[in-house]
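See structure below.
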Amino acid sequence: MKTLLIIAIVLTGSLMASPNEHRDDNYRSSSYYENERGEYRDRDDRKGYSKVGVAPIRNAFYKIECGSCHFAYQPGLLPEKSWVKLMSNLENHFQTDASLEAEENKRILNYLVYNSAEKFRDYKISRKIDDSIRRDETPIAVSDTRYFKKEHRKLRRDMVEQKEVKSIANCMACHKTADKGSYEERYINIPNYGKYEND
Amino acid sequence: MKKLLISLTLLISIAEAYDFNPQMQKYMNDLKTEAKKANPEFKGFDYSRGEKIFTSKHVGKRGKLISCVTCHTSDFSKNGENISTGKVIDPLSPTTNADRFVKVKDVKKWLRRNFKDVYVREGSAQEKGDVVIYIVNKK
């Protein structure tokens, strides 16, 4: 019994110590570092995210308004500047008129802006998307972000163009749990092809 | 007694689902006034004019030849499908779908958007009234 206890203590001790022990000493000097895009990031970023996927939607109005025509994309899938740009031209929304009354537009924009990718850097996908967008670009489609493209690069045309999928923007066709903000590989099932592995 | 009255009125309103509720009736009256202003000959909204608006094909906002039928189908008791996203569209018929033609806000929004998508312009008051009359009365 005693030996078991000792083993348990040693094990927990080593587990707890592991993430910080491997950090480069240079990164300990201040709490921020400058990344390759010249932006300042918290040192804790080195540690990465604590949650996978994106934060789920918590706004019924957004879900109804935007989700009546297409998959209700989580606000954490694009940064603030993208949402601002997209919401400023709903009259020409991916070749469709999706215009809203001014007051409703404002309500939705507020929700998107307060929950955009930068605000949820503790979620893997929000962080990766946010980091993949350069200062001089403002994509308004999630599928135009570098991270998205990288993750979907191995998809074949016929996988996307088949009628069960229709478009790369149709998350739910393959990511069976996308509506919950969960896009992990194990929940992917491409119609007529099955599982998908990126690596 | 009061309860009985309330449930009775509820029953009646369900039985007469084709009748517009007060806010919708007011909207239709407003459209009528506007249509008359634009055209003194205007007599009232017309089912067959509405049918033509709904079924005729036009080069829409996406540059493709479409009509309202393309997404909504011509059976309003069945689901439609958004041709660009594949998302299911609930039935248009107010008899099948109790959420249709209830809120003026929704009706205005969809008439505005859908005229733009199919006709690449807003509909006139007469056109909007005609197409609504067609949809709610179609058997």
Side-chain angles (χ1 to χ4, degrees), chain A residues 57 60-74 77 86-87 89-109 140-144 158-176 178-179 189-192, chain B residues 23 27 30 53-54 57-73 76 79-92 94 96-124 127-128 131:
Chain A
I57 292 169
F61 185 66
Y62 170 76
K63 212 168 189 169
I64 290 169
E65 281 302 331
C66 303
S68 61
C69 294
H70 55 69
F71 173 68
Y73 303 96
Q74 288 86 6
L77 290 172
L86 179 144
M87 290 300 289
N89 192 12
L90 283 183
E91 288 74 20
N92 299 295
H93 185 68
F94 301 98
Q95 289 184 288
T96 303
D97 187 291
S99 56
L100 285 167
E101 310 249 344
E103 177 205 329
E104 283 155 355
N105 186 304
K106 211 172 147 190
R107 222 173 126 188
I108 286 176
L109 179 61
I140 57 163
V142 181
S143 54
D144 282 341
D158 54 311
M159 293 174 169
V160 181
E161 285 175 355
Q162 55 175 333
K163 67 177 192 308
E164 290 88 347
V165 177
K166 223 168 167 130
S167 128
I168 194 82
N170 190 5
C171 307
M172 284 296 282
C174 306
H175 294 272
K176 301 300 172 190
D179 54 345
N189 190 345
I190 305 170
N192 303 312
Chain B
Q23 58 159 302
Y27 174 63
D30 290 349
I53 291 167
F54 197 91
K57 285 184 178 173
H58 307 268
V59 176
K61 207 175 166 78
R62 299 179 80 88
K64 283 185 194 153
L65 200 63
I66 56 163
S67 71
C68 308
V69 177
T70 312
C71 292
H72 288 291
T73 80
F76 298 167
N79 283 336
E81 189 191 305
N82 185 312
I83 46 153
S84 3
T85 66
K87 189 118 186 170
V88 167
I89 303 173
D90 293 333
L92 261 191
T96 324
N97 180 358
D99 292 335
R100 291 292 185 200
F101 303 98
V102 174
K103 284 189 198 156
V104 171
K105 212 174 186 160
D106 289 343
V107 174
K108 274 184 172 172
K109 178 176 77 183
W110 289 112
L111 284 174
R112 178 185 70 231
R113 289 176 170 180
N114 294 354
F115 261 103
K116 288 265 191 70
D117 280 348
V118 180
Y119 286 79
V120 205
R121 60 167 175 83
E122 284 231 30
S124 68
E127 287 172 321
K128 287 177 188 168
V131 82

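Here the structure is a predicted model, which means the values were calculated and not measured. Below, each value reflects all heavy atoms present in this structure, side chains not excepted, and no hydrogens, waters or symmetry copies. Residue numbering restarts at 1 for every chain, and letters A, B, ... go by the order of the sequence lines.
Of the inter-residue distances, the one linking Leu100(A) atom CG with Arg113(B) atom CZ reads 5.0 Å to the nearest 0.5 angstrom. Note that the SG atom of Cys69(A) and the CD1 atom of Ile89(B) stand 7.5 Å from one another [nearest 0.5 Å]. If you take CG on Asp97(A) and CG on Asp117(B), they are separated by 6.0 Å, rounding to the nearest 0.5 Å.
Side-chain contact check for Gln95(A) versus Ser84(B): every heavy-atom pair is 4.5 Å or farther apart.
A salt bridge is defined here as a Lys NZ or Arg NE, NH1 or NH2 lying under 4.0 Å from an Asp or Glu carboxylate O, and Glu104(A) with Lys105(B) meets this definition.
Within a 6.0 Å sphere centred on CZ of Arg112(B), other residues, nucleotides and ligands contribute more than 12 heavy atoms.
The nearest pair of heavy atoms linking Lys166(A) to Asn82(B) is NZ-O, 4.4 Å.
Of the residues considered (Asn114(B), Asp90(B), Ile83(B)), Ile83(B) shows the highest number of contacts with chain A, using heavy-atom pairs under 4.5 Å.
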Please walk me through it: do Met172(A) and Lys87(B) pass side-chain contact (heavy atoms from CB on, under 4.5 Å)?
-> CA-CA 10 Å; Met172(A) 284 296 282; Lys87(B) 189 118 186 170; over 6 Å; no

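Side-chain contact check for Lys61(B) and Asn92(A): at least one donor-acceptor pair (N or O, by modelled atom type) lies under 3.5 Å.
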